[in-house]
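Encoded as structure tokens, the structure appears first; notes follow it.
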Amino acid sequence: ESGPADISIIVIDQVSLESVHKSLDHRWPWPREFYAKMLGFLKTAGARAVVFDMFFSEPDRDHEGILGEDSDAALVAATHYAANVFHSYVPQREGLSPRPDELAAIIEASGFPGMVAPRAGNGLRRFSTGALPSAALTEAAAGIGFATVEKERDNICRRIQLVATLSDATVMCQSLAIYRGLHDDLELSMKPGRIQAGAHSIQTDGAASAFLRWYRPAPGKRTPYPQHSAFDVLRAGVRLENDLDPELDLADFKDKIIY
């Protein structure tokens, strides 16, 4: 089955990396200010949601002509302004304790309703810490959730963890956080063998993981979803800031969920 028509992907491919280096004189990793410019374009284009599958768990470093703290501030401001941006983090079983403000922001933003504290013996995977974004970025986001994938013995990923425990709270994965964020007044609850998300019932195992539904490309296509070059979107954002034609069709992004 081909992928849903309302999802599009922005790809940071080799062409984008080389084009940014040639045109803007920046190598990877890019300043976070660049993602802020991309968010500005996507806001203008009318994207329904923007989802980052990359992690901003460390302060940005200084780049040529761009201070790291200014770059971080630009991403926070753009995330807040767009009001439809979803971020993610990596939970960990071992490591140093997270900053209290970062942890509190995660729990406030992605705590599973009605399950503030984990119940003994409930089977959920337990994490004590994680690589978390700044509290400011979490608070600016429309939603945030953990992103973790565990392969099975044959090295194939068949399931996705929907709910887990972080420190002393029960939290949801990014996919579930996005679904909640896109549906006003969505009621979420965990029942034996399933998670109820509004009218949808998702079958789960005892650890609150569910089988993934993989999509195949449509005939003649390489991927299930339309793809756009990250450099083209960044360039469009820069051009918009300078009151120039973005040279991208805004209709390609309107009402889409952009990854």
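Neither side chain, S71 nor H63, offers a donor N or O lying under 3.5 Å from an acceptor on the other. Counting only N and O atoms by type, the side chains of S16 and S229 include a donor and acceptor under 3.5 Å apart.
Not one N or O on the side chain of S57 forms a donor-acceptor pair closer than 3.5 Å with the backbone of L132. Within the 3.5 Å criterion, the main-chain N or O of S209 finds a donor-acceptor partner in the side chain of R159. Remark: the backbone N or O of K256 is not paired with any side-chain donor or acceptor of R48 at under 3.5 angstrom. Remark: side-chain polar atoms of T129 are paired, donor with acceptor, to backbone N or O of L96 under 3.5 angstrom. A donor-acceptor contact shorter than 3.5 Å is absent between the side chain of H21 and the backbone of L17. The backbone N or O of G198 sits less than 3.5 Å from a side-chain atom of Q196, completing a donor-acceptor pair. For N155 (side chain) and K151 (main-chain N/O), no donor-acceptor pair under 3.5 Å exists by modelled atom type. A donor-acceptor pair under 3.5 Å is formed between the side chain of N84 and the backbone N or O of A47. Judged by distance alone, the side chain of N242 and the main-chain N or O of L244 form no donor-acceptor pair under 3.5 Å.
Taking hydrophobic clusters as Ile, Leu, Val, Met, Phe, Trp and Tyr residues chained together by side-chain heavy-atom distances below 4.5 Å, F253 shares a cluster with I12. Hydrophobic clustering, with ILVMFWY side chains joined whenever heavy atoms are under 4.5 angstrom apart, keeps Y89 apart from F56. Linking ILVMFWY side-chain heavy atoms closer than 4.5 Å, directly or via other members, places V11 and I258 in two distinct hydrophobic clusters. Using a 4.5 Å cut-off between side-chain heavy atoms of Ile, Leu, Val, Met, Phe, Trp and Tyr, with links allowed through other members, V85 and L182 fall into different hydrophobic clusters. The hydrophobic clustering, which links ILVMFWY residues whose side-chain heavy atoms are closer than 4.5 Å, places V51 and L137 apart.
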Candidate pair E241 and K43, rule salt bridge (charged side-chain N to carboxylate O under 4.0 Å, His left out), full reasoning:
CA-CA 12 Å; E241 286 184 348; K43 172 73 172 179; over 6 Å; no

Side chain to side chain contact (heavy atoms under 4.5 Å, CB included), that's the test. Do L176 and V163 meet it? Break it down for me.
CA-CA 8 Å; L176 199 55; V163 179; 4.1 Å; yes

Pair H26-E64, side chain to side chain contact (heavy atoms under 4.5 Å, CB included): steps then yes or no:
CA-CA 8 Å; H26 281 280; E64 183 67 30; 4.2 Å; yes

Dump the intermediate steps for side chain to side chain contact (heavy atoms under 4.5 Å, CB included) on F52 and Y35, then the final yes or no.
CA-CA 10 Å; F52 280 94; Y35 303 111; 4.0 Å; yes

Tell me, with the steps shown, if L166 and L103 meet side chain to side chain contact (heavy atoms under 4.5 Å, CB included).
CA-CA 9 Å; L166 176 64; L103 178 61; 3.7 Å; yes

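Atom CD of E58 sits in a sparse spot, with 12 or fewer heavy atoms from other residues, nucleotides or ligands closer than 6.0 Å.
Looking at heavy atoms from C-beta onward, L42 lies in side-chain contact with I10 at the 4.5 angstrom threshold. For the pair R235/E247, a side-chain contact is recorded, criterion being any heavy-atom separation below 4.5 Å from C-beta on. Here the side chains of F34 and I66 are in contact, with some heavy-atom distance below 4.5 Å. With contacts defined as side-chain heavy-atom distances shorter than 4.5 Å, the pair L186/Y179 qualifies. Counting only heavy atoms from C-beta outward, the side chains of P224 and R216 never approach each other to under 4.5 Å. Residues T223 and I9 form no side-chain contact, since every pair of their non-hydrogen atoms from C-beta on lies 4.5 Å or further apart. Counting only heavy atoms from C-beta outward, the side chains of P217 and Y225 never approach each other to under 4.5 Å. Taking 4.5 Å as the limit, some side-chain heavy atom of I178 sits within range of a side-chain heavy atom of Q174.
Salt bridge status for R32 with D72: present, with a side-chain N to carboxylate O gap under 4.0 Å. Salt-bridge check for R158 with D154: passed, with a basic side-chain N closer than 4.0 Å to an acidic carboxylate O.
The shortest non-hydrogen separation linking R194 to S201 is CD-OG, 3.2 Å.
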